[in-house]
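Here's the structure we're looking at; comments come further down.
Positions are given from 1, in the same order as the sequence printed here.
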Amino acid sequence: MFTNKEYVLAIYREGSFSKAAQRLYISQPSLSASIKRIESKLTMPIFNRATTPVSLTPIGEEYVKYALDIEEKERDFERYLSDRTSLLSGNITIGGSSLFSSFLLPQLISDFNKKYPKINFEISEGNTKDLMNKITDGSLDLIIDNAIIDDDSLTSAVYTSEIMLIAVPENFKINKRLAPWSLSARDIKNEMHYSKKYNVALELFKDEPFIFLNPENDTGRRAELLFKKHGISPDVKFYLDQQVTAYNISGSGMGISFVSDTLIKYIDAEPSLCYYRLSDEEITRKIYFYRKNQHYFSLACQKFIEHSIN
């Protein structure tokens with residue numbers, strides 16, 4: 001009854017028969033017929049087709065739970081075989097935010113593939129919650145994130161650290177007053193922002209408009225904590241999901257955003273922004289690689305982390 005489990009899991013992940021059929025490169029009638037055969041063996045339906053997106057029945061929830069376990073064990077065994085046949089080949093699935101997926105991971109993978117060209121990568125982009133779900137169900141080997149994830153089922157390794165800065169549109173009047181402490185993108189690429197002599201107080205920006213990331217994002221959560229710490233109620237114009245989007249909107253002059261020096265170091269575009277380092281210790285954070293403890297940790301993954309950290 002688990003022979004065609006990939007069909008059930010595709011519908012579960014996509015939320016629709018039509019999207020699942022497209023993903024599997026089969027016709028929708030063929031997919032529906034396969035599901036009916038599985039349901040016939042179970043003598044009960046797996047999906048409630050009356051809902052949008054389609055939902056699981058109680059028996060469907062149990063089926064998916066076991067199917068995910070089997071799928072993960074199959075992948076683990078494939079990795080085990082790959083490790084025993086050749087260290088120079090294998091597959092790694094890794095997830096990160098749009099920032100890490102667009103700027104950080106491509107360079108890390110390119111450098112790694114120069115030494116191990118036969119190891120293939122698949123990158124998955126998403127927010128911390130999405131990535132956590134994927135690493136929990138075994139569809140990702142690794143995630144890279146700047147959030148502190150307190151989960152005993154995961155093991156972390158520090159990749160590097162980064163500094164949160166505030167990006168202020170160049171036409172804001174406050175920049176004239178704070179000119180001695182203002183940093184350009186070039187200054188940050190030259191790591192001048194590491195010096196505490198550029199520290200400024202958050203209170204100086206209390207009357208300015210801000211663009212926040214949603215609190216599910218570590219940048220958004222830290223920004224809210226900083227304002228709460230200083231007893232300031234910020235004027236928030238937008239709540240967004242991605243740091244790159246907030247950065248671009250700040251570049252258009254609509255408000256101040258919190259950005260990481262990682263973004264500024266990697267991005268080529270230099271919009272009309274002035275950057276400031278806050279005096280709070282919370283602006284410094286680590287970037288972690290996370291992996292699932294009970295997931296077979298392949299030699300390819302081990303080598304990738306070792307190569308990236310060293």
Side-chain angles (χ1 to χ4, degrees), residues 92-109 121-167 188 193 202 210-230 234 236 238-250 256-267 277-278 280-295 297 301 304-305 308-309:
I92 297 175
T93 56
I94 185 168
S97 67
S98 62
L99 168 60
F100 294 148
S101 297
S102 300
F103 300 108
L104 200 58
L105 287 177
Q107 187 61 55
L108 289 177
I109 292 169
F121 285 83
E122 181 180 339
I123 299 176
S124 179
E125 184 179 304
N127 58 38
T128 301
K129 183 179 178 180
D130 294 335
L131 298 173
M132 276 294 297
N133 289 335
K134 289 182 178 180
I135 201 166
T136 299
D137 71 20
S139 55
L140 287 177
D141 298 315
L142 301 169
I143 60 175
I144 184 169
D145 206 293
N146 50 29
I148 299 173
I149 303 174
D150 187 15
D151 189 327
D152 292 339
S153 69
L154 301 179
T155 294
S156 65
V158 176
Y159 164 59
T160 189
S161 61
E162 63 178 2
I163 295 175
M164 272 174 49
L165 303 162
I166 57 173
I188 293 163
H193 65 296
L202 181 62
F210 274 82
I211 298 160
F212 269 26
L213 296 188
N214 289 314
E216 291 82 7
N217 185 296
D218 188 74
T219 301
R221 183 184 65 82
R222 285 177 187 255
E224 289 194 349
L225 288 173
L226 284 170
F227 275 94
K228 185 177 181 180
K229 171 184 173 181
H230 292 278
V236 182
F238 297 99
Y239 282 93
L240 302 169
D241 287 326
Q242 298 292 346
Q243 187 181 148
V244 176
T245 309
Y247 172 81
N248 288 328
I249 292 178
S250 286
I256 298 172
S257 63
F258 285 81
V259 299
S260 67
D261 60 349
T262 303
L263 171 62
I264 303 163
K265 287 176 181 178
Y266 277 90
I267 202 164
R277 173 189 169 119
L278 297 177
D280 304 86
E281 63 181 16
E282 291 88 348
I283 64 168
T284 301
R285 64 185 174 192
K286 293 180 173 63
I287 300 173
Y288 301 90
F289 284 112
Y290 289 99
R291 67 177 180 88
K292 187 178 178 182
N293 289 333
Q294 295 179 343
H295 185 59
F297 195 46
C301 285
F304 177 69
I305 290 181
S308 299
I309 292 175

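- Residues Leu240 and Ile249 are in side-chain contact: their nearest non-hydrogen atoms beyond the backbone lie under 4.5 Å apart.
- When the salt bridge (Lys or Arg N to Asp or Glu O under 4.0 Å) test is applied to Lys229, the partners found at least two apart in sequence or on another chain are Asp280, Glu282.
- Interatomic distance, Arg291 CZ to Asn293 CG, rounded to the nearest 0.5 Å: 6.0 Å.
- Nearest approach of Arg221 to Asp218, heavy atoms of both residues: NH2-OD1, 2.9 Å.
- Two residues are said to be in side-chain contact when any heavy atoms from C-beta on lie closer than 4.5 Å; Tyr159 and Leu108 meet this criterion.
- For Ala223, the side chain to side chain contact (heavy atoms under 4.5 Å, CB included) partners two or more places apart in sequence, or in a different chain, are Phe212, Phe258.
- When all heavy atoms of Phe297 and Cys301 are compared, the pair lying nearest together is CE1-CB, 3.3 Å.
- Interatomic distance, OG of Ser161 versus CD1 of Ile287, reported as 7.5 Å (0.5 Å rounding).
- With sequence neighbours excluded, no residue forms a salt bridge (Lys or Arg N to Asp or Glu O under 4.0 Å) with Lys134.
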Do Ile267 and Tyr247 pass the side-chain contact (heavy atoms from CB on, under 4.5 Å) test, and can you show the C-alpha distance, the side-chain angles, and the key distance before you say yes or no? CA-CA 11 Å; Ile267 202 164; Tyr247 172 81; 3.7 Å; yes
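- Residues Ala167 and Ser250 share a closest heavy-atom pair of O-OG, 4.0 Å.
- Residues that satisfy the ring-ring contact (aromatic ring centres under 6.0 Å, His included) test with Phe121, not counting sequence neighbours, are Phe112, Phe304.
- Glu125 contributes atom CD, which lies 10.0 Å from atom CG of Leu105 (distance to the nearest 0.5 angstrom).
- Residues Ile149 and Ile143 have side chains in contact (heavy-atom distance under 4.5 Å, counting atoms from C-beta outward).
- A distance of 8.5 Å separates CG of Leu226 from CD1 of Ile283, quoted to the nearest 0.5 Å.
- Considering every non-hydrogen atom in both Tyr290 and Ile135, the closest pair reads O-CD1, 3.4 Å.
- In this structure, the side chains of Ile94 and Ile123 come closer than 4.5 Å at one or more pairs of heavy atoms.
- In this structure, Gln243 and Ser260 have side chains that are in contact, with non-hydrogen atoms separated by less than 4.5 Å.
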Candidate pair Ser124 and Thr93, rule side-chain contact (heavy atoms from CB on, under 4.5 Å), full reasoning: CA-CA 7 Å; Ser124 179; Thr93 56; over 6 Å; no
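- When the ring-ring contact (aromatic ring centres under 6.0 Å, His included) test is applied to Phe100, no partner is found at least two apart in sequence or on another chain.
- Rounded to the nearest 0.5 angstrom, Gln107 CD and Ile109 CD1 are separated by 10.5 Å.
- We find the NZ-CG distance between Lys292 and Leu140 to be 11.0 Å, quoted to the nearest 0.5 Å.
- Looking at heavy atoms from C-beta onward, Leu104 lies out of side-chain contact with Leu99 at the 4.5 angstrom threshold.
- Of all the heavy atoms in Ala246 and Ser257, the pair that sits closest is O-OG, 3.7 Å.
- Between Lys265 and Ile188, the closest heavy-atom pair is CE-O, 4.1 Å.
- The shortest side-chain heavy-atom distance between Val244 and Ser102 does not fall under the 4.5 Å cut-off.
- Among pairs with a residue in residues 135-162, those fulfilling salt bridge (charged side-chain N to carboxylate O under 4.0 Å, His left out) read Arg79-Asp141, Glu162-Arg285, at least two apart in sequence or across chains.
- Considering only heavy atoms from C-beta on, Leu165 comes within 4.5 Å of Asp261 through its side chain.
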